[in-house]
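Quick note on labels: first sequence line is chain A, next is B, and so on, each numbered from 1.
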Number of protein chains: 2
Amino acid sequence: MMNQQPNIAAAAFLIADSARAVMLTALLDGRARPAGELAYCAGVTAQTASSHLSKLLAGGMLTVETEGRHRYYRLAGSHVALVLENLASIGPREPVRRRALTHDAQKLQFARCCYDHLAGRVGVAVACGLQERGFLVAASDKQFEVTQAGAEWFACVGLEVAAVKPGRRGLARQCLDWTERQYHLAGPLGVRFTDLLCTKGWIRRAKSSRAVEVTPMGWTGLKKHFGIEEQILRVSGDHTV
Amino acid sequence: MMNQQPNIAAAAFLIADSARAVMLTALLDGRARPAGELAYCAGVTAQTASSHLSKLLAGGMLTVETEGRHRYYRLAGSHVALVLENLASIGPREPVRRRALTHDAQKLQFARCCYDHLAGRVGVAVACGLQERGFLVAASDKQFEVTQAGAEWFACVGLEVAAVKPGRRGLARQCLDWTERQYHLAGPLGVRFTDLLCTKGWIRRAKSSRAVEVTPMGWTGLKKHFGIEEQILRVSGDHTV
DNA sequence: TCGATGCTTCGACCCGTGTCGAAGCGTGCG
DNA sequence: CGCACGCTTCGACACGGGTCGAAGCATCGA
């Protein structure tokens, strides 16, 4: 009678803790988030969060991807999300605590520097544009490969790809964006390209923040080269959270 | 950031205890059982069971009916059964269970009641047959749509589809089968259809288990209407493991 | 090479909760 | 009435697991 093959209680146990439940719901959109952010979401310290995440990982509810010194966690699949959504259909409701982002946080989410290359929604859009135009292709081991057409285009805007010295991890790396959860362009090529955009006056770095501002000239250029429009970019994905 | 409407952890907490999980799965066929029997299923004393049952009751997962000096508990609804079945699909697979399933477990995997509709390998096969014959088509939002031909066929076997009242989640739902990992037919239509199969003497529900047995007459009918053969079904997907 | 950062591991504390014995309460049956 | 039965409530106990401080490890930037 009591022989249930998959241990249903064990699976429920993983969700039963409030800290873990918050982390899981934070990942419900299917995108990846670093351990630190999940710890903040759950309102616990990094140690505690780490303990929870390892349990969820062992239980097969999460997968993890290491990016530099960050570890990005995401749901193991849509079947996990399905269970979480269904679980929400029972159980008592609670007042919605929805906190708008601060003005600064919004700017960071929109465009910023990730170490020394362009990130945020603009950074991801640029990386997507470079791929759509066939200038970059995603390769294995989290690398981008510069195509022939790409090398010509970079030269055209004033960046000689052959002259950029590859780093330890290659020339053009796929870097996971922590607000957009998609990849943007990193590595030496990403750095040089970001520098170039600064030089050309397309973008401007804030003085004491990682925020980046796109100039009117920059928007014109982004539209011309990648079809990126400011209006659309500002509206899309406006999940205030 | 930390916005989850229903307290998902509280719901999961109720399932997370092994004794409670056993009780819930024992009620998964939708029928009512007295507290004592549930205590026996879970292998705990009456006091302990009573404590668990009151928690489940307060959590809205069970309902209770008093009859004489017995108290009969049953699942609060099919949405609870849905969660339990789905939860089983993400349970941590037990370490290399080379061991064959018990006889009871095999029967459950082959044919059983999921709350109040047909599930297991037979349930999935029937749902597939209904789709192959063009009687049902998979629609969005996990729904099945009954085609014109389907309505005629159901009428032919004695089920007037138009007379079946849709529930909150529609008339015919796709329910994920936790052993087969495919969809079987749920929702009001699934319930009525299962009842019909019982009435026609094609299937027979076990007395104290969720198992379902297909009668010889049932096999004849399944072969005639859907081309389902007992031999093939018993062998196929023999992931006994 | 050194410090800062992000994350994990280790160790210790302590609250929550599952458990059962004993008692209480209602029902059914002689 | 008195007793048996089914179930719940109360109280006490013990164990598991969530929590955080401190330390360890890897990566990145200077």
Side-chain angles (χ1 to χ4, degrees), chain A residues 2 7 9-24 32-59 62-74 113-117 119 142 167-170 173 175-178 186-188 190-191 194-195 210, chain B residues 7 9-10 12-24 32-59 62-74:
Chain A
M2 60 182 78
N7 195 350
F13 171 81
L14 292 174
I15 316 176
D17 180 78
S18 66
R20 285 196 292 264
V22 172
M23 291 178 181
L24 289 170
R33 282 175 170 75
E37 185 181 334
L38 293 170
Y40 176 77
C41 285
V44 294
T45 62
Q47 312 94 287
T48 304
S50 181
S51 162
H52 288 311
L53 290 170
S54 64
K55 285 188 176 69
L56 292 171
L57 202 58
L62 297 182
T63 60
V64 68
E65 211 174 324
T66 299
E67 185 87 32
R69 49 187 171 184
H70 298 268
R71 300 195 76 192
Y72 287 88
Y73 290 88
R74 72 170 70 205
C113 281
C114 172
Y115 302 116
D116 41 19
H117 54 267
K142 293 189 196 311
R168 273 180 306 167
R169 292 164 204 259
R173 227 176 59 246
C175 181
L176 192 57
D177 196 289
W178 69 268
V191 176
T194 303
D195 285 343
R210 297 162 49 217
Chain B
N7 195 349
F13 172 81
L14 293 175
I15 316 177
D17 179 78
S18 66
R20 286 195 291 263
V22 172
M23 293 179 180
L24 288 169
R33 281 175 171 77
E37 185 180 333
L38 294 170
Y40 175 76
C41 287
V44 294
T45 62
Q47 313 92 292
T48 305
S50 180
S51 162
H52 288 311
L53 290 170
S54 65
K55 285 188 176 70
L56 291 171
L57 202 59
L62 297 182
T63 60
V64 67
E65 286 170 48
T66 300
E67 190 127 348
R69 48 187 172 186
H70 297 268
R71 301 195 75 191
Y72 287 90
Y73 290 88
R74 73 170 70 209

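- For B:Thr48, no side-chain nitrogen or oxygen approaches OP1 or OP2 of C:dG18 to under 4.0 Å.
- Here the C1' atom of nucleotide C:dT8 and the CG atom of A:Leu38 are 15 Å apart, to the nearest Å.
- Note on B:Lys55: every side-chain N or O is 4.0 Å or more away from OP1 and OP2 of C:dT17.
- One interatomic measurement links the two molecules: CG of A:Leu53 to C1' of C:dT9, which rounds to 14 Å at whole-angstrom precision.
- Atom OH of A:Tyr72 is separated from atom P of C:dC7 by 8 Å (rounded to the nearest Å).
- In this structure, B:Leu38 and B:Val22 have side chains that are not in contact, with every pair of non-hydrogen atoms separated by 4.5 Å or more.
- B:Glu65 is listed as a side-chain neighbour of B:Arg74, based on a closest heavy-atom distance under 4.5 Å.
- Residue-level contact check: A:Ala46 touches the bases, meaning some heavy atom is under 4.0 Å from a base atom.
- One finds no side-chain N or O of B:Tyr40 lying less than 4.0 angstrom from the OP1 or OP2 phosphate oxygen of D:dC7.
- For A:His70 against A:Tyr72, the heavy-atom pair with the smallest separation is CB-CE1, 3.7 Å.
- Contact check, A:Arg71 against C:dT8: a side-chain N or O comes under 4.0 Å of OP1 or OP2.
- Summarising the geometry of B:Leu62 relative to B:Leu53, their closest heavy-atom pair is CD1-CD2, 3.8 Å, with the distance given to 0.1 Å.
- Judged by distance alone, with hydrogens and angles left aside, the side-chain atoms of B:Arg20 form a donor-acceptor pair with the main-chain N or O of B:Phe13 at under 3.5 Å.
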Reading nucleotides 24-30 of chain C from 5' to 3' and marking B where a protein heavy atom lies under 4.0 Å of the base, S where only the sugar-phosphate is that close, and - otherwise, the string is --BBS--

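- A straight line from CG of A:Asp17 to C1' of D:dC20 spans 15 Å, rounded to a whole angstrom.
- Between A:Glu37 atom CD and C:dT5 atom P there is a gap of 18 Å when expressed in whole angstrom units.
- In this structure, CG of A:Leu62 is placed 16 Å from C1' of C:dT8, rounded to the nearest angstrom.
- Considering every non-hydrogen atom in both B:Ser18 and A:Ala9, the closest pair reads CA-CB, 3.9 Å.
- Minimum atom distance to the side chain of B:Ser50 is reached by D:dT9, of the listed C:dC7, D:dT9, C:dG21.
- Side chain of A:Gln47, nearest nucleotide from D:dG21, C:dG21, C:dC7: D:dG21.
- Remark: C1' of C:dT9 and NE2 of A:His52 are 15 Å apart, rounded to the nearest angstrom.
- Listed pair B:Tyr73 / D:dG6 fails the phosphate criterion, with no side-chain N or O lying under 4.0 Å from OP1 or OP2.
- For the residue pair B:Ser51/B:Thr48, the side-chain donor-acceptor check at 3.5 Å is not satisfied.
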